[in-house]
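Here's the structure we're looking at; comments come further down.
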Amino acid sequence: MNETMIEFKQISHQYGHVPSVQNIDFTVNSHEVVGLLGPSGCGKSTILRLAAGLETPSAGEIWLKGEKIADAKSTMRPEDRGIGMVFQDYALFPHMNIMDNILFALNSHNNANLNSIKRHQMAIDALEQTHLTDYRDALPHQLSGGQQQRVALARALAPNPGLILLDEPFSGLDNRLKEQIRDDMLHVLHEIGTAVLIVTHDSEEAMFMADRLMVMEKGSIIQTGAPVDVFCRPDNAFVAEFFGEVNRFETSVTSGMADTPFGLFPVDNIDDTDNAIMIIRNDGLIIDPRGETADAVVVETIMLGRYSIVHLELYWERIGAMHIHARVPGITWYDEGTEVSIKLDSSQVFVFSQQG
Ligand code: ADP
Ligand code: MG
């Protein structure tokens, strides 16, 4: 059974007099990985710190397994919450071997009733879960970045917490390793079935890890949903632009049709307006060099192997000269000056009324 592990009810917080997050509402259930996605400074770490008990809310309530653990008046101590944390810098003790690093975490107040045999067994279990058994006697500097990250995870998992908080846990790792380590960690987390709240500013990482996404902007959660739903049906331009490079321009909507340089584009639920924003993901421009219309001229092609980025120029009466970027899969090359026809992939085009 999936039960609610943590619930934020109308949580607000400020650092001194400066507001950080406002009216935050969400739950994380057991067996669920929830991703908190947003740009730097939007309040992601603050939410984790509130969950962990390192910050106190100025309003609202935080509940853990059906018990209120924080409001503006009182707050349960971090060590009493039974929540595991992995931060960006793994903060392992350099002079202690891996086993001792994990045992140290088990010596906290909340585990005072455990005898040393039980603690030892919990540390051994955590090493096994994270495939680190062979490294129990190693010192942190003898391990790779990915392995150190797993130690940090083992340390967080050892007390069997109901909830794990991960703050940008992959940002210290080099890109080549990141995908493998993300994948490994996700398998471990799924096996254990603990509730997970993971913070990232990387949309691909969030989509890879999370069962549910919460997108943040300036201290508020502005959209929540399954990753694919948020990606395919962003509520506003900010969310649409957060998932990779886009082309953005102003346009108008008349009778359910948005004006584009490539003809009219049908839109739902937007009243007539001269003040709309059109966002076309780079993958949403379909280039045909043999098409009948000459919609744009190639300025440059940059081949990146798995895909190419094509820079295009065009003229649209409404705006004048425009420079746009298309992303095409595979090894593709168009000579500078090639005239191409362009169609839109409607699943990668979004129109928002600026008033709304
Ligand atoms: P994120 O993790 O999304 O980058 P944070 O939660 O760290 O964002 O920060 C949210 C806001 O609170 C930012 O404007 C940041 O500058 C501010 N802030 C973070 N920590 C502190 C602090 N200890 N004192 C004062 N302001 C802080
Ligand atoms: Mg942060």
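For ligands, and for the atoms within them, numbers begin at 1 and follow the listed sequence. For reference, positions follow the sequence shown, starting with 1.
- Regarding atom 8 (O) of ligand 1, its nearest protein heavy-atom neighbour is Gly43 N, 3.2 Å.
- In this structure a side-chain-to-backbone donor-acceptor pair under 3.5 Å is missing from Asp125 to Ala158.
- Of the protein's non-hydrogen atoms, the one nearest atom 19 (C) of ligand 1 is Tyr15 CE1, 3.4 Å.
- Near Ser45, meaning under 4.0 Å from any of its heavy atoms, are these atoms of ligand 1: 1 (P), 2 (O), 6 (O), 7 (O).
- Hydrophobic clustering, with ILVMFWY side chains joined whenever heavy atoms are under 4.5 angstrom apart, groups Leu64 together with Leu36.
- Asp25 has its side chain out of reach of Phe8: every pair of non-hydrogen atoms, C-beta onward, lies at least 4.5 Å apart.
- Counting Ile, Leu, Val, Met, Phe, Trp and Tyr side chains that sit under 4.5 Å apart, directly or through other members, Val297 stands alone, with no cluster partners.
- Side chain of Asn29 to main chain of Glu32: no donor-acceptor pair is present (N/O by atom type, distance under 3.5 Å, no hydrogens or angles).
- Between the side chain of Asp71 and the backbone N or O of Ser74 there is at least one donor-acceptor pair closer than 3.5 Å.
- The aromatic rings of Phe93 and His95 sit perpendicular, their planes meeting at an angle over 60°, well past the 30° parallel limit.
- The closest approach between Pro39 and ligand 1 falls below 4.0 Å for a heavy atom of the residue.
- Inside a sphere of radius 2.8 Å centred on the Mg ion (ligand 2), the protein N/O/S atoms present are Ser45 OG.
- Separation of atoms CZ (Arg155) and CG (Asn101) is listed at 6.0 Å; rounding is to 0.5 Å.
- Of the protein's non-hydrogen atoms, Gly41 O, 3.6 Å is the one closest to atom 13 (C) of ligand 1.
- For atom 15 (C) of ligand 1, no protein heavy-atom neighbour is found at a distance under 4.0 Å.
- Residue-environment remark: CD (Gln142) exceeds the threshold of 12 foreign heavy atoms within 6.0 Å.
- Contact between Gly38 and ligand 1 is absent, with no heavy atom of the residue lying under 4.0 Å from the ligand.
- Thr301 contributes atom OG1, which lies 8.0 Å from atom CG of Leu312 (distance to the nearest 0.5 angstrom).
- Between Ser20 and ligand 1, no pair of N/O atoms sits closer than 3.5 Å.
- Here the shortest heavy-atom distance to atom 5 (P) of ligand 1, taken over Val18, Thr200, Thr46, belongs to Thr46.
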